[in-house]
Amino acid sequence: MSQNPFFSIWRYRRRLLLGLLAGMSAWLVLQVLSLPLAAVTRAIIAFDIGVAMYLGLVFALMHAADKQTLLARAHLEDEGGRTILLLTAGAAAMSLLAIALELGISQQAHGMARAAHVLLTVVTIFLSWLFTHVMFALHYARMYYRDVINGQAPCLLFPESKPQPDYWDFVYFACIIGTSGQTADVSLASSAVRRVGLLHCVLAFFYNVAVLSLLVNIASGLIGG
């Protein structure tokens with residue numbers, strides 16, 4: 001008997017859905033409270049809460065996961081994985097735009113209000129960066145263990161002679177690409193994962209350049225008073 005599609009979406013995407021629900025709820029609460037905040041500031045706060053919720057749930061999964069959990073999640077459809085990666089790229093681009101707008105607001109504020117806007121901008125940059133690379137880490141893990149299930153050579157080669165990588169190994173791999181555009185001691189061993197790695201490297205490059213320019217802008221604004 002085929003699985004109910006709504007059950008399948010909830011089963012495999014519930015952390016993303018709960019993060020989205022948390023963000024939407026935070027935005028509604030901010031709207032109801034009618035705080036003296038710009039619309040973009042409310043949106044960024046809601047975004048941060050949603051991303052923090054998602055990352056907390058994912059890190060809890062990673063902490064508790066064993067090899068059987070990784071193998072079970074490898075059954076996720078690859079089309080869904082590619083869609084998630086494209087959505088991740090879109091979310092990263094939109095977050096950078098929102099951060100730039102928030103930074104413009106901070107330059108018009110003074111005192112503690114300005115410090116609060118700058119702190120919000122820095123927190124959003126960190127959460128957006130981490131969210132992007134955690135999503136790629138989950139996708140790499142799914143690709144790797146799908147190859148294992150199918151009896152194929154894994155798409156990633158770890159330096160151990162008999163590797164059994166856990167989620168943190170894939171987070172390490174994704175963050176290495178995210179910080180340096182390199183793969184360090186892990187090798188790409190299939191054309192499919194090289195395509196994902198190419199998208200990851202290009203996205204990381206432009207994201208890091210944009211973040212660097214924003215941080216320089218923040219620093220110059222703080223120095224200039």
Side-chain angles (χ1 to χ4, degrees), residues 9-33 35 37-65 73 76 80-106 116-142 167-168 170-179 196 199-200 203-215 218:
I9 292 173
W10 172 254
R11 180 182 180 186
Y12 294 120
R13 306 290 184 224
R14 63 183 179 276
R15 294 168 187 84
L16 195 59
L17 293 174
L18 287 172
L20 180 61
L21 180 62
M24 292 176 62
S25 299
W27 184 81
L28 288 173
V29 169
L30 291 172
Q31 290 289 99
V32 171
L33 293 177
L35 297 175
L37 298 173
V40 66
T41 302
R42 295 179 186 178
I44 287 179
I45 293 173
F47 173 81
D48 287 352
I49 291 174
V51 170
M53 168 69 79
Y54 171 76
L55 290 174
L57 293 172
V58 168
F59 288 147
L61 165 70
M62 292 179 175
H63 178 72
R73 290 184 63 82
L76 290 172
R82 284 196 290 267
T83 300
I84 291 298
L85 291 185
L86 291 175
L87 290 176
T88 301
M94 292 301 295
S95 68
L96 286 175
L97 175 60
I99 290 167
L101 294 174
E102 178 66 15
L103 188 58
I105 294 174
S106 71
H117 282 292
V118 170
L119 178 61
L120 178 61
T121 300
V122 172
V123 169
T124 305
I125 288 173
F126 174 73
L127 288 175
S128 300
W129 183 90
L130 189 58
F131 171 76
T132 300
H133 300 302
V134 165
M135 291 293 280
F136 272 98
L138 292 173
H139 190 62
Y140 289 130
R142 185 163 63 249
Y167 275 122
W168 299 110
F170 295 105
V171 171
Y172 158 79
F173 174 66
C175 287
I176 288 296
I177 292 180
T179 54
V196 176
L199 171 63
H200 192 180
L203 178 64
F205 172 78
F206 285 105
Y207 191 89
N208 291 343
V209 168
V211 166
L212 181 60
S213 65
L214 287 172
L215 291 177
I218 290 174

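Numbering starts at 1 and runs along the sequence shown.
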About how many Å separate [atom2] of [Y] and [atom1] of [X], when rounded to the nearest 0.5 Å?
X: Phe131; Y: Asp48; atom1: CZ; atom2: CG; value: 12.0 Å
X: Leu55; Y: Met135; atom1: CG; atom2: CE; value: 9.5 Å
X: Leu21; Y: Met53; atom1: CG; atom2: CE; value: 8.0 Å
X: Arg14; Y: Leu57; atom1: CZ; atom2: CG; value: 9.0 Å

Would the distance check show the side chain of Ser128 and the main-chain N or O of Ile125 forming a donor-acceptor pair, the cut-off being under 3.5 Å?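 Checked: no pair found.
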Among Val58, Leu138, Leu20, find the residue that satisfies the side-chain contact (heavy atoms from CB on, under 4.5 Å) test when tested with Arg15. Val58
How close do [X] and [Y] get, heavy atom to heavy atom, and via which atoms?
X: Leu127; Y: Val51; result: O-CG1, 3.8 Å
X: Tyr140; Y: His200; result: OH-ND1, 3.0 Å
X: Ala26; Y: Ala46; result: CB-CA, 4.1 Å
X: Trp129; Y: Cys175; result: CH2-SG, 3.9 Å
X: Ile177; Y: Ala204; result: O-CB, 3.9 Å
X: Ile49; Y: Ala22; result: CG2-O, 4.1 Å

I'd like to check Tyr167 versus Val134 (side-chain heavy atoms, cut-off strictly below 4.5 Å). Are they in contact? no
With heavy-atom distances below 4.5 Å as the criterion, would you say the side chains of Leu18 and Tyr54 are in contact?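 No, too far: nothing below the 4.5 Å cut-off.
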Looking at Tyr172, I'd like to know if its OH atom is crowded, meaning that more than 12 non-hydrogen atoms belonging to other residues, nucleotides or ligands lie closer than 6.0 Å. yes
Start with the C-alpha gap between Leu30 and Thr41, add the side-chain angles, then the distance that decides, and say whether side-chain contact (heavy atoms from CB on, under 4.5 Å) holds. CA-CA 10 Å; Leu30 291 172; Thr41 302; over 6 Å; no
